Amino acid sequence: MQRTTPPFRADQVGSLLRTAPVKEARTRRLAGEITPAQLKAVEDAEIAKLAARQASVGLQAVTDGEFRRAWWHYDFLAALEGVELVSVTQGLQFKGTQTKAEGLHVHGRIDFPAAHPMVEHFRFLKSVAQDLPGKPVPKMTIPSPTALHYRGGRAAIERSVYPDMAPFFDDLGRAYAKAVRAFGEAGCTYLQLDEVFVAYLCDEAQRDYLRGRGDDPGSLLDVYADLVNAAVAGRSPGMTISMHLCRGNFRSTWMAQGGYERVADVLFNRMGVDAYFMEYDTERAGGFEPLRFLPKGKQVVLGVMTSKTGALESKDELKRRIEEAAKHAPLDQLCLSPQCGFASTEEGNLLAEDEQWAKLARCVEVAHEIWK
């Protein structure tokens with residue numbers, strides 16, 4: 001049967017390809033040719049059209065496409081107290097390409113500011129969504145708190161502020177609980193934590209990288225579970241919190257690989273979120289067997305459709321994959337979406353806007369046929 005609360009049978013991760021007016025306005029703002037207010041006016045107009053387009057293809061939850069962000073994570077994290085965006089010597093290395101050379105630096109005690117800009121971003125999305133036919137649910141996406149630790153590690157955190165890591169994690173968890181509470185007070189009933197790094201812990205190369213910089217990958221999973229639980233402690237009654245798991249998404253490339261087996265029990269049974277958007281579009285994500293750990297009352301949104309290319313999956317192909325997953329978890333606890341957003345950074349993946357919309361429409365079509 002169809003669902004009336006998030007996650008929905010046909011859903012989406014959140015980021016969408018930036019439209020030409022947004023790209024142009026952001027370029028002009030960086031060049032100093034327009035004011036922040038002029039940029040916001042363009043973003044407002046494009047987000048309103050974007051939300052309407054999502055509703056028109058049948059999606060029951062709409063996002064702002066992350067149109068006001070350059071990165072899926074840095075924009076949110078750099079607006080926390082004690083954190084700043086800085087230039088670094090080298091960008092993040094994906095398979096065959098690199099990002100811009102930017103990173104985060106923790107220079108003070110971490111806290112969530114009362115005027116964090118993304119709360120206002122959500123309020124605008126909510127105001128747009130409530131006027132659309134069917135009143136779709138406005139969905140807000142923010143990075144998981146683990147992103148502030150994994151990307152830079154100990155080297156990005158001032159020792160004069162945090163000589164030991166335990167107070168860092170405590171402050172980060174409390175700041176995120178405040179964030180979740182602030183979104184709830186703004187009327188958010190569907191919040192997503194974009195959790196890349198638990199999936200990275202499934203990759204032996206990433207685990208070696210962590211050991212090389214002095215972290216213990218064996219204990220990080222428990223540390224991260226506690227951090228996520230500290231964040232969701234701030235939820236409002238009736239708020240659904242989902243978690244998106246990914247192995248990297250930049251210009252249609254990736255960073256990590258490995259199935260979910262080694263993290264599945266903690267992921268499903270220790271982390272207090274309601275639903276999991278799980279990457280499953282390639283063999284790099286492994287099989288569906290880890291879904292056997294899924295407890296009653298939680299949902300998995302199967303990312304069996306790729307957002308990295310424009311090739312449209314057939315209905316039969318998607319149905320076969322969902323049938324395979326249903327051997328390991330009840331069909332009623334499953335939903336469908338693309339495996340990631342279409343633009344985790346403002347550059348976007350290598351496909352056309354029409355291909356993006358065709359994929360989202362195909363998700364809706366298949367979900368209706370499977371779950372009636």
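All values reported here derive from a predicted model rather than from experimental measurement.
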- Query: When you look at CD of E283, are more than 12 heavy atoms from neighbouring residues, nucleotides or ligands closer to it than 6.0 Å?
  - Reply: no

- Message: Quick test of your reading of the model: are D44 and K40 salt-bridged, counting only N-O distances below 4.0 Å?
- Response: yes

- Say whether I34 and L30 are linked into one hydrophobic cluster, either directly or through other cluster members, by side-chain heavy-atom distances under 4.5 angstrom. no

- Note on the structure: Correct closest heavy-atom pair for C363 and P338 would be SG-CD, 3.7 Å

- Task: Go through L227 and L148 one step at a time and tell me if the side chain to side chain contact (heavy atoms under 4.5 Å, CB included) criterion holds.
- Result: CA-CA 11 Å; L227 193 53; L148 187 58; over 6 Å; no

- Spatial distance of atom OG1 (T19) from atom CG (L50) [nearest 0.5 Å]: 7.5 Å

- Task: Please determine if E279 and R284 form a salt bridge, counting it only when a charged side-chain N lies under 4.0 Å from a carboxylate O.
- Result: yes

- Can you check salt bridge (charged side-chain N to carboxylate O under 4.0 Å, His left out) on E46 and K49, steps first, answer last? CA-CA 5 Å; E46 290 300 297; K49 290 190 288 186; 2.7 Å; yes

- Query: Are E365 and K315 ion-paired here, with the side-chain N under 4.0 Å from a carboxylate O?
  - Reply: yes

- Note on the structure: The side-chain contact (heavy atoms from CB on, under 4.5 Å) partners of R207 (sequence neighbours excluded) come to L201, E204, R211, P217, R262

- List, by chain and number, the other hydrophobic cluster members for M1, where Ile, Leu, Val, Met, Phe, Trp and Tyr join if side-chain heavy atoms come within less than 4.5 Å, directly or indirectly. none

- Could you walk me through whether M305 and R321 pass the side chain to side chain contact (heavy atoms under 4.5 Å, CB included) check? CA-CA 10 Å; M305 167 181 278; R321 294 283 282 152; over 6 Å; no

- Query: Rounded to the nearest 0.5 Å, how far apart are OH of Y276 and CG of L267?
  - Reply: 5.0 Å

- Note on the structure: Here the pair of heavy atoms bringing Q257 nearest to D203 is N-OD2, 2.6 Å

- With hydrophobic residues grouped by side-chain heavy-atom distances under 4.5 Å, do V42 and F124 end up in a single group? no

- Item | Residues in side-chain contact (heavy atoms from CB on, under 4.5 Å) contact with E355, at least two apart in sequence or another chain | L351, A352

- Message: Hydrophobic clustering (ILVMFWY, side-chain heavy atoms < 4.5 Å, transitive) - are L331 and F288 grouped together?
- Response: yes

- Item | Atom pair CD1 (I322) and CD1 (I370), whose distance is rounded to the nearest 0.5 Å | 3.5 Å

- Donor-acceptor pair between T141 and E66 side chains, under 3.5 angstrom: yes

- Item | Any residue meeting side-chain contact (heavy atoms from CB on, under 4.5 Å) with P330, in chain and number order, not counting sequence neighbours | Q333

- Item | Side-chain (R247) to main-chain (A199) donor-acceptor, under 3.5 angstrom | no

- Item | Y200 ring center within less than 6.0 Å of Y150 ring center | yes

- Verify, without hydrogens or angle tests, whether R235 (side chain) and M239 (backbone) share a donor-acceptor contact under 3.5 angstrom. yes

- Item | Under 4.5 Å side-chain linkage, directly or through intermediates, the cluster mates of V301 | F8, V13, V137, Y190, F277

- Message: Set out, in order, the CA-CA distance, both residues' side-chain angles and the distance that settles salt bridge (charged side-chain N to carboxylate O under 4.0 Å, His left out) for E346 and R18, then state yes or no.
- Response: CA-CA 7 Å; E346 61 187 340; R18 310 307 194 256; 5.8 Å; no

- Pairwise salt bridge (charged side-chain N to carboxylate O under 4.0 Å, His left out) hits with a residue in residues 217-228, at least two apart: D222-R270, D226-R270

- What are the two closest non-hydrogen atoms of A156 and L104, and how far apart are they? CB-O, 3.5 Å

- Message: Let's go through E369 and K319 carefully: what are the C-alpha distance in whole Å and the side-chain angles of both, what is the deciding distance for salt bridge (charged side-chain N to carboxylate O under 4.0 Å, His left out) to 0.1 Å, and is it a yes or a no?
- Response: CA-CA 9 Å; E369 293 183 7; K319 289 177 181 179; 2.5 Å; yes

- Item | Residues R151 and H73: side-chain donor-acceptor under 3.5 angstrom | yes

- Message: Per the salt bridge (charged side-chain N to carboxylate O under 4.0 Å, His left out) rule, what does the pair list look like for residues 116-134, sequence neighbours excluded?
- Response: E120-R123

- Note on the structure: Value for CD1 (I241) from OG1 (T189), rounded to nearest 0.5 Å, stands at 11.0 Å

- Task: Show your working on side chain to side chain contact (heavy atoms under 4.5 Å, CB included) between D215 and R154 and close with a plain yes or no.
- Result: CA-CA 9 Å; D215 280 309; R154 170 78 264 187; 5.9 Å; no

- Task: Please identify each residue that fulfils salt bridge (Lys or Arg N to Asp or Glu O under 4.0 Å) with K23, with sequence neighbours left out.
- Result: none

- Message: Taking M118 as the starting point, is it possible to reach L39 by hopping between hydrophobic residues whose side chains are less than 4.5 Å apart?
- Response: no

- Task: For residues Y280 and Y260, establish whether the separation of their ring centroids is below 6.0 Å.
- Result: yes

- Query: Between V198 and V228, is any pair of side-chain heavy atoms under 4.5 Å apart?
  - Reply: no

- Query: Say you draw a straight line from CG of D64 to CG of L125; how long is it, rounded to the nearest 0.5 Å?
  - Reply: 5.5 Å

- Which pairs pass salt bridge (charged side-chain N to carboxylate O under 4.0 Å, His left out) with one or both residues in residues 158-167, sequence neighbours excluded? none

- salt bridge (charged side-chain N to carboxylate O under 4.0 Å, His left out): which pairs involve residues 285-304, sequence neighbours left out? E261-R292

- Which distance, rounded to the nearest 0.5 Å, do you find between the CG of L85 and the NE2 of H105? 12.0 Å

- Item | Counterpart residues, side-chain contact (heavy atoms from CB on, under 4.5 Å), relative to T35 (two or more places apart) | A37, Q38

- Item | Pairs meeting criterion ring pair (Phe, Tyr, Trp, His ring centres under 6.0 Å) with involvement of residues 345-367, two or more places apart | none

- Message: Strictly below 4.0 Å, N to O, side chains only: are R3 and D11 in salt-bridge contact?
- Response: no

- Message: Please give me the minimum heavy-atom distance between K359 and A311, naming the atom from each residue.
- Response: NZ-O, 2.8 Å

- Within the distance-only criterion (no hydrogens, no angle test), does the side chain of R9 pair as donor or acceptor with the backbone N or O of L334 below 3.5 angstrom? yes

- Query: Step by step, would you call F183 with I142 a side chain to side chain contact (heavy atoms under 4.5 Å, CB included)?
  - Reply: CA-CA 11 Å; F183 284 114; I142 62 174; 4.0 Å; yes

- Is it true that a side-chain atom of K139 and a backbone atom of Q12 form a donor plus acceptor pair closer than 3.5 Å? yes

- Do you know the tightest heavy-atom contact between Y176 and A231? CB-CB, 3.6 Å

- In short, A55 meets V62 closest at the heavy-atom pair N-CG1, 4.1 Å

